[in-house]
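Heads up: the structure comes next, in structure tokens.
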Protein chains: 2
Amino acid sequence: MLEEIGRTARQASYVLAQLSSTEKNQVLLTIADLLEKNAHEILNENQKDLDNARQSGINDAILDRLRLTIDRLAVIAHDVRQVSKLVDPIGQIIDGGLLNSGLRLERRRTPLGVIGVIYEARPNVTIDIAALCLKTGNAAIMRGGKETTFTNQMLGHVIQLALKEHKLPAEAIQIINNTDRALVTKMLKLDRYIDMIIPRGGEALHKLCKQESTIPVITGGIGVCHTFVDQSANIDKALAIIENAKTQRPSTCNTLETLLVHRAIADTFLPQLSARIAQKGVTLHADKASFCFLEKGPANVVPIQQGDFDDEWLSLDLNVAIVGNIDEAIAHIRLHGSQHSDAILTQEMKNADYFINHVDSAVVYINASTRFTDGAQFGLGSEVAVSTQKLHARGPMGLEALTTYKWIGYGNDLIRR
Amino acid sequence: MLEEIGRTARQASYVLAQLSSTEKNQVLLTIADLLEKNAHEILNENQKDLDNARQSGINDAILDRLRLTIDRLAVIAHDVRQVSKLVDPIGQIIDGGLLNSGLRLERRRTPLGVIGVIYEARPNVTIDIAALCLKTGNAAIMRGGKETTFTNQMLGHVIQLALKEHKLPAEAIQIINNTDRALVTKMLKLDRYIDMIIPRGGEALHKLCKQESTIPVITGGIGVCHTFVDQSANIDKALAIIENAKTQRPSTCNTLETLLVHRAIADTFLPQLSARIAQKGVTLHADKASFCFLEKGPANVVPIQQGDFDDEWLSLDLNVAIVGNIDEAIAHIRLHGSQHSDAILTQEMKNADYFINHVDSAVVYINASTRFTDGAQFGLGSEVAVSTQKLHARGPMGLEALTTYKWIGYGNDLIRR
């Protein structure tokens, strides 16, 4: 079955690759319309998933991610219409020139082909990724979580209706509703038909993909993000940035997880941090050196435990450590970071430069909140994922990350000498 | 041991990433000088490898690839000096701008970090790749074939001498001389320390890397290249291109392996092909339809066997098949090709365009020999490998393929609203 899904997706990708921007945008607009037109049916199916989830005792946070409403569907449809307005990267000439041999060479941006997406319980991802793939002329094979079986089946149906309305192969977007785990492993070996795997989920999923896949995988989305408060930092402004980075939306991967404070300012800075953060209900996980400055403050403080520095909290928890200088801060980030987003708060140009040059992360900030790491914030118009690896795409991935290029060599009956 | 190699290479990569172009070029020039200064010692070690290889009955082609001479060393040293003259991509600003939020964003080209290279019996690759990695500020861990143990040890020694002369960590370039196969598998799991794996070898090596590696792998180098002779092709010029593509250097991956001929010209074209190619000693492997046109010609002709269309010959052998139209040619290439280099010979603009748009290969040619697929020919100044996959780099890989980028966000005490 999987073989057949792969084969037909590949065939469909050849058709999509030939579409003009207008043709692709028309499909997107039809999808948006059909989402609204079929809202009742979609919400019915979503209710079945919600009922099943509630029965199996799933927690409220996941239930909420699973839930669709008329308003949420409208937002999803709006987002699809926004994607239709983005500039289509396909067909762009990246570079080229006339070579000494007489060969006229051109590098043209093309779709990747077939994208494999493995994700968890978020029905909006189904529409998001389908829209981005269609926009860039890619076919997609998507495997969602078992919690969203009914919803995804219905969303897949709506997408395929739109494809058929425009006389395009329905196999361009296929949603696998078999939630057998073994199927994921098999999908990861389908290198004959799938060109790229995007896992959207937790660390276990990323690890599975890295280990099992024979297809290139874009890993990412794990953010153990740091902020280093340098000796020269403006303390008031630093506190505002830290509060924003930790509390604006703690469940996201660009949330601050570990604060590194220069020893020289620890005695003045840490009590103020405690006061500020206490109002927001943040628990501080303090290393030995910072604990003594924090234990008398108003914030909830606990001693840091083994492993805390290496994991995302994704909650109102913040690690705090004191470092003796900028090199210690960099060494800490190299050891414990996930190469996602790291920041320095400083008024010294020299230290800012040093930090940028030495911290090897997808995004490095100076005097800014790590929360900015996001496709929309970066002006990419959309976000496929946030890559923390270094090949193909790093950081927020926009439409360009769903493309490759081909070289085209024009000769006038040319042979190599 | 491998863990230690990885750890020290990562540490060294942090040092290399901070070097200026001039500092890196000085190391390259020292390597070139030391290759010439130590020629006697290098050739001595190479002789040991040659003796061992001869004793184990290795064939002449491989012996020749293994052999170094004073002249060949001079060429290798010359190539290193050429690399020093290339433009250094590191530090280039790819793009950037001031966002509505007030964030000033900049995308800067940086080294990948640590490159893992697994290759076979070509001592020149050791120096080539080391030079390209150093030029781009990357550390490298290289594992050569067992046939080159002595040569590689000596070449590694020379590279490390040059690094030390410039007070750089010798661990920046490490050559693994343990030729245990199990070690390769372990190396492929060192994702903590290695950022990219480049296999340089046959299909079995590429397959092993795809299956076992948890590190992103650049696969490529397998070229089942096609040329389609359209009905409108200029026959004399087509014959010259085909001869060049097949015979100029048959052992390379950009060599033509399968010729697809439009049925409408088969009766006139194939006998002329036979006459032309017979002078060059090429054996034609003909499908049923072409066999009857070829069997009476002067060229050596055999019926094609199962699987011939799917493999590289890398010798003076050429598959021939007749196709009814351009779509059949494209379908054949999609089914049997390796997405390396494919060409159309035609005088019809419409067919040229159609072929370019529908053939999904790294390089697509119009009226030119597939032999042009090469870093130097493409003006890239050097070649790390030829990628036939679609992520990160496609086709000939120059210095840029050894880089990634980081995003740098400058804020003026900026929080996300």
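Order of the sequence lines fixes the chain letters, A, B, ..., with proteins taken first and strands second; residue numbering starts at 1 for each chain. Heavy-atom basis, side chains included; hydrogens, waters and symmetry copies ignored.
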Does any heavy atom of chain A fall under 4.5 Å from the side chain of [X], the backbone, both, or neither of them?
X      : answer
B:L99  : side chain
B:Q211 : both
B:A245 : neither
B:R249 : neither
B:V217 : neither
B:I215 : neither
B:D191 : side chain

Is there side-chain contact between [X] and [Y], with heavy atoms separated by less than 4.5 Å?
X      : Y      : answer
A:W407 : B:S361 : no
B:Y365 : A:L103 : yes
A:F372 : B:L414 : yes

Test log, rule side-chain contact (heavy atoms from CB on, under 4.5 Å), inputs A:D374 and B:R416: CA-CA 11 Å; A:D374 172 90; B:R416 180 164 167 189; 4.0 Å; yes
If you look at every heavy atom in [X] and [Y], which pair is closest and at what distance?
X      : Y      : result
A:A368 : B:G411 : CB-CA, 4.1 Å
B:K390 : A:T404 : O-OG1, 2.8 Å
B:M196 : A:L391 : SD-CD2, 3.5 Å

Intermediate values then yes/no, side-chain contact (heavy atoms from CB on, under 4.5 Å), A:S101 and B:Q377: CA-CA 8 Å; A:S101 60; B:Q377 290 291 326; 4.2 Å; yes
Heavy-atom donor-acceptor pair, B:K406 side chain to A:I356 backbone, under 3.5 Å: yes
Among the listed options A:T110, A:V364, A:T370, the residue most often paired with chain B at heavy-atom distances under 4.5 Å: A:V364
Largest heavy-atom contact set with chain B, pairs under 4.5 Å, which of A:A343, A:G395, A:A362: A:A362
Residues B:L105, A:F378; criterion side-chain contact (heavy atoms from CB on, under 4.5 Å); working and verdict: CA-CA 8 Å; B:L105 197 63; A:F378 275 26; 3.6 Å; yes
